[in-house]
Amino acid sequence: MNKYIIKGLATLMVGVGLASCSDGYLDVAPITTLDAATASATVEGANLALNGVCRSMNTQYQSISITPNFNGESWYATFYGDVLGSDAFYWMWANRVQAFYNWDNNIMVNGAVPGYAWRYPYILISQCNNILVGETTAEGDVAERASVMAQARTIRAHAYIRLVQCFAPRWEDSNNGEYKCIVLRKTPGTEDLPLSSMKEVLDFIYEDLDRAIELYNTTGVTKSSYIWRPNINVAKGLYARAAMIRHDYAKAQKMAHEAREGYPIMSAKEYKDGFCEANGEWMWANSLDDQIYYWAFGSWYACNGPYPTLWLRGAGAINYDLARQIPVEDCRAQLFFTPEVSEYYGYGASRGLFWNANAVDPTTMNCLGSNGRMREAVRNMCVHAIPNQDKEKFGEAYTNRTGEDAGSGSQIIPFGAQFKFWCVDTYGRGQFPFMRAAEFLLTEAEAAYRNSDETTAKNCINELLAKRNPNQTCSSTGDALLEEIRLQRRIELWGEGHSWFDLKRWNLPMVRKTWEASNRDSNNIPAAYGITKDPSDQGWVFVTPQSETDYNHAINR
């Protein structure tokens, strides 16, 4: 991490250091700007510093003027994992910053896309490096020291995985890992360092996670008391992520299976509970007690959040090419406003209406309140989709465009609007899943397939389907089985930050097909945003930001 970023840390962390703390943070202020000596001298100091690292994953980064407000992990997952992918359409991003949405910014050395992708992980790495100075010397309880250091190594590994996802190529395009991608900083400091190879970085991630798992095992603690702090399962989950990037499928299958132990796959009812409060499947998330106001994920992406309500955009819609592959009886299909859902539940909008320019605006994909049948269908969906019909807790989604005043020409919800993510108060408060067990059920399936273990792969898919659509089972083999695994991953993890990263790992193109009037076989993307990015496109690998090369003179490109 360069001097430019170090200088920026003080500004970036002001919002963190002054933020109010809840019981979930042990009633102590998170310390995020400690030097290595202070953060590592005692176990107590290291623990406070670790609280700060965790808080850095969900906070107000007030110096970053990008819309929506950058908050750390959920922003990173949503923008890099979903906005740049093909499975979600966000009119807010497409309309306001089309250069970001269509990848024009990915290879600009002064661009915001590579800039924030670089800066956030290195903030975490710097903080963890300060803590890890005291791995064997910090004064205090030995077991607690092991726990803190294991967590610091886990988060550092996570940050390096994020950097590899954005700044390294696919493994098969890396010359066996020799591609120079990021700066590998193992200790505190701002000295000039060259870019390290993809293999060197992945080796270091493996080393961090091996050591973290060793330390976790010495503590005898199986689960953290706080979901916002990682544990051994999270470390194994990260190991599985790194191994999949490396095509180390034997390691990935083993780690994915072990990562999800003790975290049962949520039921269909839990899946429709609003995705804003952790349940028994969630492994890692921000604290529900966090209140970061308009920086919260829910402010921008919850269907009942303030910005989707006030701005008629934001929360996102599923790519209809994906949605049409979900059986309507599947609980996941029921969380999107599609022709199938409207017809199946009798909401009032027929299939053909979704390709009628008098009912859907071709430039935004927003449905039009001027069409009575579409307006009524939207109202019905908004009422029907309230989690557990708990209107007192959630209110309704998209409230300002479902009332009687939705008049001529008014924009209501988009074609494919999502009702998966909700929030629990005016400012969008809620939790976002950094990691949950279904990811690793699907990772295990994919790795097993690559290991010629189709029986395990099918068993994993059927374990998931039993909770999502009991009428459906997987009996595919060969290439069809791999396609089913990929499809179920895209459906299950929609909006959780995996789409772009998975396409890159799979070496598949990013395709956004467009909407065409009267063509029911067309998609739900406006013509201006219909693009295809082939795997050979430079945009799959972000350029090293100039903010790094200006100050780190050991980088030659």
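Quick note: numbers below take in every heavy atom, side chains included, and nothing from hydrogens, waters or symmetry partners. No experiment lies behind these values; they were computed from the predicted model shown.
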Q) Can we say Arg260 and Glu281 salt-bridge, meaning some charged N sits less than 4.0 Å from an Asp/Glu carboxylate O? A) no
Q: Walk me through it: do Val148 and Ile131 pass the test side chain to side chain contact (heavy atoms under 4.5 Å, CB included)?
A: CA-CA 9 Å; Val148 170; Ile131 294 169; 4.1 Å; yes
Q) Are Phe167 and Trp118 an aromatic pair by the rule of ring centers under 6.0 Å? A) yes
**Q.** Listed partners of Ala259 passing side-chain contact (heavy atoms from CB on, under 4.5 Å), at least two apart
**A.** Lys236, Met283, Phe440
Q) Can you tell if the side chain of Tyr249 reaches within under 4.5 Å of the side chain of Asp453, non-hydrogen atoms only? A) no
(Q) Whether the side chain of Thr456 engages the backbone of Ala445 through a donor-acceptor N/O pair (distance < 3.5 Å, no angle test) should be reported. (A) no
**Q.** Residues Cys181, Val201; criterion side chain to side chain contact (heavy atoms under 4.5 Å, CB included); working and verdict
**A.** CA-CA 9 Å; Cys181 56; Val201 178; 4.2 Å; yes
Q.
Using the side-chain contact (heavy atoms from CB on, under 4.5 Å) criterion, which residues pair with Ala278? Sequence neighbours excluded.
A. Ile227, Trp282, Gln431
Q.
Within this structure, what is the OG-OH distance for the pair Ser476 and Tyr449, rounded to the nearest 0.5 Å?
A. 10.5 Å
Q. Is there a donor-acceptor pair closer than 3.5 Å between any side-chain N or O of Asn58 and the backbone N or O of Asn286?
A. no
Q: Answer yes or no: is there a side-chain heavy-atom contact under 4.5 Å between Asn459 and Glu444?
A: no
Q: Give a yes or no on whether a salt bridge exists between Arg436 and Glu492, defined as a side-chain N under 4.0 angstrom from a carboxylate O.
A: yes
(Q) Between Asn319 and Asp87 (side chain of the first, backbone of the second, donor and acceptor by atom type, cut-off under 3.5 Å), is there such a pair? (A) no
Q.
Can you tell me how the ring of Phe204 sits relative to the ring of Tyr160, calling it parallel under 30°, perpendicular over 60° and tilted otherwise?
A. perpendicular
Q. Are any of the side-chain nitrogens in Glu463 or Lys458 under 4.0 Å away from the carboxylate oxygens of its partner?
A. no
Q: Would you please classify the geometry between the Phe419 ring and the Tyr398 ring as parallel, tilted or perpendicular, with 30° and 60° separating the classes?
A: perpendicular
Q: May I ask you to test the Arg153-Leu132 pair for a side-chain heavy-atom distance under 4.5 Å?
A: yes
Q: Check the pair Tyr206 / Tyr239 against ring-ring contact (aromatic ring centres under 6.0 Å, His included), numbers first and verdict last.
A: CA-CA 7 Å; Tyr206 274 33; Tyr239 218 139; 4.8 Å; yes
Q.
Using a strict threshold of under 4.0 Å (side-chain N to carboxylate O), is an ion pair present between Lys393 and Glu277?
A. yes
Q. According to the interplanar angle, ranging from 0 to 90°, do the rings of Tyr80 and Phe542 count as parallel (below 30°), tilted (30 to 60°) or perpendicular (above 60°)?
A. tilted
(Q) Can you see whether Tyr271 engages Lys420 through a side-chain donor-acceptor pair at a distance of less than 3.5 angstrom? (A) yes
Q: Give me the one residue out of Val234, Leu238, Ile232 that meets side chain to side chain contact (heavy atoms under 4.5 Å, CB included) with Leu209.
A: Leu238
(Q) So, applying ring-ring contact (aromatic ring centres under 6.0 Å, His included) with Tyr61, which one of Phe70, Tyr116, Trp75 is it? (A) Phe70
Q) Would you say the side chain of Asp248 lies within less than 4.5 Å of the side chain of Leu202, judging by non-hydrogen atoms? A) no
Q.
Strictly by salt bridge (charged side-chain N to carboxylate O under 4.0 Å, His left out), give each pair with a member in residues 292-306 just once, sequence neighbours left out.
A. none
Q: Carefully, step by step, assess His158 and Met57 under the rule side chain to side chain contact (heavy atoms under 4.5 Å, CB included).
A: CA-CA 11 Å; His158 165 69; Met57 298 180 74; 4.0 Å; yes
Q.
Between the side chains of Arg211 and Glu207, is the shortest nitrogen-to-carboxylate-oxygen separation below 4.0 Å, so that they form an ion pair?
A. no
Q: Please identify each residue that fulfils side-chain contact (heavy atoms from CB on, under 4.5 Å) with Gln325, with sequence neighbours left out.
A: Leu487, Arg490
Q | Sub-4.5 Å side-chain heavy-atom contact between Gln165 and Lys504 | A | no
Q) Residues in side chain to side chain donor-acceptor pair (under 3.5 Å) with Tyr263, at least two apart? A) Asn231
Q: Could you walk me through whether Arg429 and Asp290 pass the salt bridge (Lys or Arg N to Asp or Glu O under 4.0 Å) test, one step at a time?
A: CA-CA 7 Å; Arg429 186 169 60 91; Asp290 287 352; over 6 Å; no
Q | Check: Arg162 and Tyr122 side chains under 4.5 Å, non-hydrogen atoms | A | no
**Q.** Criterion side chain to side chain donor-acceptor pair (under 3.5 Å) on His384 and Gln389, from CA distance to verdict
**A.** CA-CA 7 Å; His384 182 83; Gln389 290 299 292; 5.6 Å; no
(Q) With rounding to the nearest 0.5 angstrom, report the CG to CZ distance, Asn507 to Arg170. (A) 4.5 Å
Q: Find out whether the Lys NZ or Arg CZ of Arg241 is both under 6.0 angstrom from the six-membered ring centre of Phe501 and within 45° of the ring's axis.
A: no
(Q) Any salt bridge linking Arg324 with Glu340? Criterion: basic side-chain nitrogen under 4.0 Å from a carboxylate oxygen. (A) no
Q: Take Tyr301 and Phe421 through the ring-ring contact (aromatic ring centres under 6.0 Å, His included) test and state the conclusion after the steps.
A: CA-CA 7 Å; Tyr301 301 109; Phe421 296 101; 8.5 Å; no
Q) Atom SG of Cys303 and atom CH2 of Trp422: how far apart are they, to the nearest 0.5 Å? A) 4.0 Å
**Q.** Worked check of side chain to side chain contact (heavy atoms under 4.5 Å, CB included) between Val53 and Cys128
**A.** CA-CA 7 Å; Val53 181; Cys128 289; 3.9 Å; yes
Q.
Is there a ring-ring contact (aromatic ring centres under 6.0 Å, His included) between Trp500 and Trp540? Walk through the geometry before answering.
A. CA-CA 9 Å; Trp500 188 79; Trp540 289 103; 5.6 Å; yes
Q.
According to side-chain contact (heavy atoms from CB on, under 4.5 Å), who are the partners of Asp273, at least two apart in sequence or on a separate chain?
A. Lys269, Glu270, Asn388
Q) So, for Tyr320 and Phe336, is the gap between ring centers shorter than 6.0 Å? A) no
Q.
Could you tell me if Arg332 sits above the aromatic ring of Trp494, with its cationic atom closer than 6.0 Å to the ring centre and no more than 45 degrees from the axis?
A. no
Q.
Would you say Ser499 and Asp502 are linked by a side-chain donor-acceptor pair, where the criterion is simply a distance under 3.5 Å?
A. no
Q. So, do Trp103 and Leu84 sit near enough that their side-chain heavy atoms are less than 4.5 Å apart?
A. yes
Q. Which residue, Trp300, Phe79, Tyr101, forms the ring-ring contact (aromatic ring centres under 6.0 Å, His included) with Trp93?
A. Phe79
Q. Is the OH atom of Tyr345 crowded by more than 12 outside heavy atoms at less than 6.0 Å?
A. yes
**Q.** Glu439 and Thr443: side chain donor to acceptor below 3.5 Å
**A.** no
(Q) Assess, by modelled atom type and distance only, whether the side chains of Ser56 and Tyr120 contain a donor and an acceptor separated by less than 3.5 Å. (A) no
Q) Tell me, do Leu124 and Arg156 make a side-chain contact under 4.5 Å, heavy atoms counted? A) no
